[in-house]
Chemist: 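Once you've had a glance at the structure underneath, I'll fire off some questions.
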2 protein chains.
Amino acid sequence: MTTLRDIALIAGVSGATVSNVLRNRGFVGAETSARVREVAQRLGYRPNPMAQALANGRAPTIAMVFSDLANPFYSMFALEAERAARRRDHFLLVCHAAKPDGTLDTAYLGAVAGRLSGGVLILGSDLGRADLLSAVPNGVPTVLAMWEDAADHPSLPCVTLDFREAGRLAADHLLALGHRRIAVLAGARGDRVSHGARLEGATARLREAGVLGGATLEEDSIGGGHRAAMRLLEAEPRPTAILATNDLLGIGAIQAAGERGLAVPRELSVVGITDIWLAAEMRPALTTVDIDTRRIADASVNALLDLIAEPDALARDALRIVGRPSLVRRASTAQAP
Amino acid sequence: MTTLRDIALIAGVSGATVSNVLRNRGFVGAETSARVREVAQRLGYRPNPMAQALANGRAPTIAMVFSDLANPFYSMFALEAERAARRRDHFLLVCHAAKPDGTLDTAYLGAVAGRLSGGVLILGSDLGRADLLSAVPNGVPTVLAMWEDAADHPSLPCVTLDFREAGRLAADHLLALGHRRIAVLAGARGDRVSHGARLEGATARLREAGVLGGATLEEDSIGGGHRAAMRLLEAEPRPTAILATNDLLGIGAIQAAGERGLAVPRELSVVGITDIWLAAEMRPALTTVDIDTRRIADASVNALLDLIAEPDALARDALRIVGRPSLVRRASTAQAP
DNA sequence: CTGTTAGCGCATTCAG
DNA sequence: CTGAATGCGCTAACAG
């Protein structure tokens, strides 16, 4: 493992000079500079990020905390977050907040937060509010991403989108297609809605149009959407459309329709929210509301890095609404029958 | 940020003593010990992993390098890898090997390998062989996971499974169901097969049974499977079964069958390989060969950590075949018509 | 322009 | 049983 000192010795200069050369600080003569570079090159020198971090008090990583990497949304987010981090010369540490048994692992967070990583990015949509606040040690730069209800977020800088608007768009689309019997399917954890804002946005719009929408709560997964839709489709009169607050639920609903022998979109329209990659890959492809995951991931990472660089860059309760949800028309919705 | 020294000062002892207490080395008297602990507790002391790493020359992270986190297989693997790493007190750094333009990002790997992270875990199935060897700096503990062809792996410790056997199992299943016109759909990158061993295993078994199987190569994705199957299902006589070397391809094939108006599994059987979570969530659910991703992720991480702890723990070309592929019968396969 | 001097926070000898 | 000393690899003032 060749170190700064090694190359200093060989180049016949001091460590400081090597450091200056390699960091392009311009205090060094062209000749020495060239020599140092040559030696560094020849020895395949790579600075040790740990040592750099220790010396200048700035970790080269950020930690991303979430509940389930295997969820297609989170993995997509992680992918974009990693790219955004890398653009600013940082690495991404992935951390499951929860232990296998489901409880929050605070010791783990404590070890990583603010030391190994310069800050923490919390993907909020699944993580409980009180837990969050207590799990991250005080004073560690923290940004909350994807918090459902912008109007009521914890006292942390928060980067998210207008979920209410997303819900409204989905409802609007179905109404515009002439649907009146619209069932709403909302993601929940136990008996608590996880998609409150989308749900509110959707039902508000529906009520505006004189359509009343009770919502069915279900676990946010394909299986959950399937189960719930199977029940919903038994109702008489049957809904002509299902509005799912998340794509996985919507995909499950499409499957249920298939099993019930209903043609999508001819006999049943289904719309989701998020636009995970899977939405486009399903048959029929899912009409959904694109929330622009990439921009949010970018903005979240950038906000966190800004906060790390400049602890007062963001107010403790700063709120950034990123992007504007937009409808993506695919094959799962059509004119009401 | 409270440091070791802070608590030493307050507890009225030296830093070494604090370290000894907190690391349970037993050299310290019960009373001082208790006092130190109390102070550490009260001040919310958390050791700085960076400093620890620098001092004892051991990074608390490992890097996982792969081509696409959004791929359901990789995200599943990453999830399990993170758990395995955490069990041994390490964090997981995720690294996309490729830049957005597709070329390998060696500078990035160089920065992380062996310094920020103690070692590198490379998910091989998509990464080119020559690239791999050159991208990771010499002397950095490296483990290759999921390499397709165990018989011909690069000169790196390698943890994988018997993909040939997985292919054989899939073929065997279809043969046992009485299928004779079996189309094989194999993942490829450009015109190079990515799933060579599975393909060989499958075609070998098919040939054994007197069934000849030319393979169709396609990009390994749902869309790719869909495209390829659309073509295959035009043939006369039509195949009664499709063997896909990966689940995404299989899922695409099922979709294509649907569009061609063929009932799965009555008129067309489809079998995949891997058993990603999506396989179980599709309708019909995909019959597939489970490769036990979790055990492989565990074994890979453990092998890497062993290698880091003991550089000679594994031979430079050690090969570990983990688990035994097993067929998971679901709803996409049935007796040949 | 270059080298010397201090740390960054911690772990580990080695004397006391 | 304890504490002072040393070093991990690097950066950032300083002096020269």
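Naming convention: chains lettered A, B, ... in sequence-line order (proteins, then strands); numbering from 1 in each chain.
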Chemist: So, A:Arg42 and A:Glu38, do they make that salt bridge, N to O below 4.0 Å?
Modeler: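 Looking at A:Glu38 together with A:Arg42, the answer is yes, because their closest N to O distance falls below 4.0 Å.
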Chemist: Roughly, in whole Å, what's the span from CG in B:Leu54 to C1' in C:dG7?
Modeler: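 Checked: the CG to C1' distance equals 13 Å.
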Chemist: Does B:Arg88 pair with B:Asp306 as a salt bridge, N-O distance under 4.0 Å?
Modeler: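 Yes, this pair counts.
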Chemist: Round to the nearest Å and state the distance from B:Leu22 atom CG to C:dA11 atom C1'.
Modeler: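 Nearest whole value for this atom pair: 12 Å.
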Chemist: Aromatic ring centroids of B:Phe91 and A:Tyr108 under 6.0 Å?
Modeler: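 Yes - the distance between ring centres of B:Phe91 and A:Tyr108 falls below the 6.0 Å cut-off.
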Chemist: Under 4.0 angstrom, heavy atoms only, what part of the nucleic acid is A:Gly57 near: base, sugar-phosphate, or nothing?
Modeler: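 Contact class for A:Gly57: none.
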Chemist: Of the options D:dT11, C:dC10, C:dA11, whose atoms approach the side-chain atoms of B:Asn56 most closely?
Modeler: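 The closest nucleotide is C:dA11.
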Chemist: Do any side-chain nitrogens or oxygens of A:Thr32 fall under 4.0 Å of OP1 or OP2 in C:dT2?
Modeler: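 Checking A:Thr32 against C:dT2: at least one side-chain N or O falls below 4.0 Å of OP1 or OP2.
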Chemist: Calculate the interatomic distance between B:Tyr45 atom OH and C:dA11 atom C1'; express it in whole Å.
Modeler: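 Whole-Å distance recorded here is 10 Å.
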Chemist: Among C:dC10, D:dC10, D:dA4, find the nucleotide with the atom closest to the side chain of A:Ala51.
Modeler: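 For A:Ala51, the side-chain atoms sit closest to D:dC10.
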Chemist: Quick check: on DNA chain D, is the nucleotide nearest B:Gly12 upstream (toward 5') of the one nearest B:Ala55, or the reverse? Name the residue that is more 5'.
Modeler: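 Residue closer to the 5' terminus by nearest nucleotide: B:Gly12.
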Chemist: Answer yes or no: does a side-chain N or O of A:Ser14 lie under 4.0 Å from OP1 or OP2 of C:dT2?
Modeler: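 No, because none of the side-chain N or O atoms of A:Ser14 sits under 4.0 Å from OP1 or OP2 of C:dT2.
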Chemist: Below the 4.0 Å mark, does D:dT11 have OP1 or OP2 next to a side-chain nitrogen or oxygen of A:Ser19?
Modeler: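 Yes, because at least one side-chain N or O of A:Ser19 sits under 4.0 Å from OP1 or OP2 of D:dT11.
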Chemist: Just how far, in rounded Å, is P of C:dG9 from CZ of B:Arg46?
Modeler: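 Roughly 13 Å, once rounded to whole Å.
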Chemist: Determine, stepwise, if the pair A:Arg58 / A:Asp89 fulfils salt bridge (Lys or Arg N to Asp or Glu O under 4.0 Å).
Modeler: CA-CA 12 Å; A:Arg58 161 166 334 172; A:Asp89 296 315; over 6 Å; no
Chemist: Tell me whether the OP1 or OP2 atom of D:dG9 has a side-chain N or O from B:Arg115 closer than 4.0 Å.
Modeler: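 For D:dG9, OP1/OP2 do not have a side-chain N/O of B:Arg115 under 4.0 Å.
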Chemist: Just the dot-bracket of DNA chain C, please: which string comes out with Watson-Crick or G-U pairs under 3.5 Å, [ ] for crossing, | for another strand?
Modeler: ||||.|||||||||||
Chemist: Once you round it to whole Å, what is the distance between P of C:dT2 and CG of A:Asn20?
Modeler: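 That distance rounds to 10 Å.
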Chemist: Say whether, by atom type as modelled, one donor and one acceptor occur between the side chain of A:Thr160 and the main chain of A:Trp147 under 3.5 angstrom.
Modeler: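 Yes; judged by distance alone, with no hydrogens or angles, the pair exists.
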Chemist: Around A:Arg5, counting heavy atoms of other residues, nucleotides and ligands shown, do more than 12 lie under 6.0 Å from its CZ?
Modeler: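 No.
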Chemist: Starting the side chain at C-beta, find the nucleotide from D:dT2, C:dG9, D:dT11 nearest to B:Val28.
Modeler: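 Selected nucleotide: D:dT2.
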Chemist: What is the distance, rounded to the nearest whole Å, between atom CZ of A:Arg5 and atom P of D:dG7?
Modeler: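 For the pair A:Arg5 CZ and D:dG7 P, the rounded distance is 8 Å.
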Chemist: Is A:Arg23 near enough to D:dA12 that one of its side-chain N or O atoms lies under 4.0 angstrom from OP1 or OP2?
Modeler: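 Affirmative; the distance criterion is met.
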Chemist: What is the separation between atom CE on B:Met50 and atom C1' on D:dC10, rounded to the nearest whole Å?
Modeler: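 Distance, rounded to whole Å: 13 Å.
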Chemist: D:dG7 P sits how many Å from B:Gln52 CD, rounded?
Modeler: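 Atom CD in B:Gln52 sits about 21 Å away from atom P in D:dG7.
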Chemist: Closest approach of B:Leu69 and A:Leu79, non-hydrogen atoms and distance?
Modeler: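 Shortest heavy-atom contact: N-CD1, 3.9 Å.
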Chemist: Would you confirm whether B:Arg46, through its side chain, and A:Gly110, through its main-chain N or O, come within 3.5 Å as a donor-acceptor pair?
Modeler: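 Present.
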Chemist: If you only use heavy atoms from C-beta on, which nucleotide in C:dT4, D:dG9, C:dT2 is closest to the side chain of A:Thr17?
Modeler: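 For A:Thr17, the side-chain atoms sit closest to C:dT2.
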Chemist: From C-beta outward on B:Leu4, which listed nucleotide comes closest to its side chain: C:dA11, D:dA4, D:dT11?
Modeler: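 Selected nucleotide: C:dA11.
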Chemist: Assign A:Val13 to base, sugar-phosphate, or nothing according to its heavy-atom contacts below 4.0 angstrom with the strands shown.
Modeler: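 Answer is sugar-phosphate: A:Val13 comes under 4.0 Å of backbone atoms only.
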